[in-house]
Amino acid sequence: MAKALSGILKHTFVFAYGLFTLILYGLTAIRKGFFFRGTTEKEHLELQLARDRFWNLSKTWSGLSHHYIILRNGFKFHYVSNDPPEGPAADKPLIIFIHGFPDSWAVWRHLLKSKALQEAATLVAVDLPGYGGTDSLEEYSSTNVLESLAGFIIAIRAKYGIDTDAGIRQRRTVIVSHDWGCVLSMRLAAEAPQLADRFILSNGPLVCIFNEG
């Protein structure tokens, strides 16, 4: 009885604290005018500059250029890379960066612009379906997104010479992922580990343990 009462009190406290925090932040936002304030001219200009910097597909950015790859079903992925598909260095590993929600390839920009990293590896940062310059899916489900991403990885491995008629794994492949991309990559690592030699997963829940909690 005492244990049950203690559990009820604990959950009540957590709920009350969460509700208090929600109300407090809401009132603070209203008082400071965040809900009703329009975009300033400075913010609009910053947005235009960012769009031109990261999304002008006719330009390169810090040694990276924009590319598209079309899967067999016609779905089009957008990605950026430091090496052209037709001439990557034979001894450089391929590193594929997968972003989270609600981001794009640009979330990796501070890593991608590293000259040392660009010299050491072929870098590919992809936009997930519905993000950035990649096509949107007609129907979103974990299976649809996962299958599209797996198709992209298979296609990009072939395009950059990882898998050829001479055999697979001509060079090492590493997948680096974050947040929602981390959840997807966990599935890939569990169900299709042959897609990469290494998976580097960051800031994502291990779903089976999360559900048990």
Side-chain angles (χ1 to χ4, degrees), residues 34 39-69 76-136 145-146 148-150 152-157 159-162 171-189 195-207:
F34 291 151
T39 304
T40 65
E41 184 176 347
K42 179 183 178 182
E43 290 171 337
H44 182 72
L45 178 61
E46 289 176 345
L47 178 60
Q48 292 297 108
L49 291 173
R51 283 177 176 169
D52 183 68
R53 183 182 180 191
F54 298 120
W55 294 109
N56 189 331
L57 303 188
S58 65
K59 294 183 177 180
T60 59
W61 180 83
S62 271
L64 303 169
S65 54
H66 295 269
H67 302 273
Y68 286 99
I69 193 167
K76 183 169 65 176
F77 273 94
H78 167 262
Y79 69 96
V80 296
S81 179
N82 60 315
D83 286 333
E86 60 275 7
D91 59 341
K92 293 170 70 173
L94 173 66
I95 304 179
I96 303 171
F97 294 87
I98 304 173
H99 66 82
F101 172 85
D103 293 306
S104 69
W105 74 266
V107 75
W108 302 105
R109 61 190 181 278
H110 298 299
L111 287 174
L112 297 174
K113 70 180 181 181
S114 166
K115 296 303 180 184
L117 194 58
Q118 289 185 19
E119 291 174 1
T122 295
L123 312 178
V124 166
V126 63
D127 285 331
L128 288 173
Y131 295 83
T134 294
D135 285 348
S136 297
V145 175
L146 193 70
S148 296
L149 180 59
F152 169 81
I153 295 172
I154 292 170
I156 209 73
R157 283 172 60 101
K159 191 169 186 177
Y160 279 88
I162 304 301
R171 288 155 41 222
R172 293 176 65 81
T173 302
V174 178
I175 290 178
V176 181
S177 57
H178 170 75
D179 190 65
W180 170 234
C182 176
V183 176
L184 293 171
S185 296
M186 285 181 183
R187 285 277 306 272
L188 293 176
L195 290 178
D197 297 281
R198 291 287 184 273
F199 290 84
I200 300 175
L201 312 174
S202 65
N203 196 40
L206 187 56
V207 179

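Since this is a predicted model, take the numbers as computed values, not measurements.
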Distance in Å, I98 CD1 paired with L201 CG, rounded so as to fall on 0.5 Å steps | 9.0 Å
Examine the side chains of T122 and D83 and answer whether a donor and an acceptor come within less than 3.5 Å of each other.
-> yes
Identify the heavy atoms of P129 and T134 that sit nearest to each other, and give their distance.
-> CA-CG2, 3.7 Å
Does any non-hydrogen side-chain atom of W105 lie less than 4.5 Å from one of L112?
-> yes
CZ of F101: more than 12 outside heavy atoms within 6.0 angstrom?
-> no
One should read off an interatomic distance between K115 NZ and S62 OG, to the nearest 0.5 angstrom, of 5.5 Å
Pick one: which of F77, F152, Y79 meets ring-ring contact (aromatic ring centres under 6.0 Å, His included) with H67?
-> Y79
Do F97 and L123 have side-chain heavy atoms sitting under 4.5 Å apart?
-> yes
Heavy-atom donor-acceptor pair, R171 side chain to K92 backbone, under 3.5 Å | yes
Nearest heavy-atom neighbours spanning D127 and G132 = OD2-CA, 3.5 Å
Between the main-chain N or O of T173 and the side-chain N or O of D197, is there a donor-acceptor pair closer than 3.5 Å?
-> yes
Backbone N or O of S65 within a donor-acceptor pair of the T60 side chain at under 3.5 Å?
-> no
Partners passing side-chain contact (heavy atoms from CB on, under 4.5 Å) against Q48 (at least two apart in sequence or in another chain) | H44, R51
Taking all heavy atoms of A125 and all of W108, pick out the closest pair and write down the distance.
-> CB-CD1, 4.5 Å
CG-CD1 distance between L188 and I96, expressed to the nearest 0.5 angstrom | 10.0 Å
Quick check: does any side chain N or O of S202 sit under 3.5 Å from a backbone N or O of S177, one acting as donor and the other as acceptor?
-> yes
When rounded to the nearest 0.5 angstrom, what is the spacing between CD1 in I162 and CZ in R172?
-> 11.0 Å
Any L195 side-chain heavy atom under 4.5 Å of I154 side chain | yes
Are K59 and D52 side-chain neighbours, meaning at least one heavy-atom pair lies under 4.5 Å?
-> yes
What distance do H178 atom NE2 and N203 atom CG have between them, rounded to the nearest 0.5 Å?
-> 4.5 Å
State whether the side chain of N82 and the backbone N or O of A121 hold a donor-acceptor pair below 3.5 Å, judged by distance alone.
-> yes
V107 side chain reached by D179 side chain, heavy atoms, under 4.5 Å | no
Can you find a pair of side-chain heavy atoms, one from I156 and one from V126, that are under 4.5 Å apart?
-> no
Measure the spacing between OG of S81 and CG of L94 and express it to the nearest 0.5 Å.
-> 8.0 Å
Check: V80 and W61 side chains under 4.5 Å, non-hydrogen atoms | no
Distance-only, no hydrogens or angles: does the H99 side chain make a donor-acceptor pair with backbone N or O of L128 under 3.5 Å?
-> yes
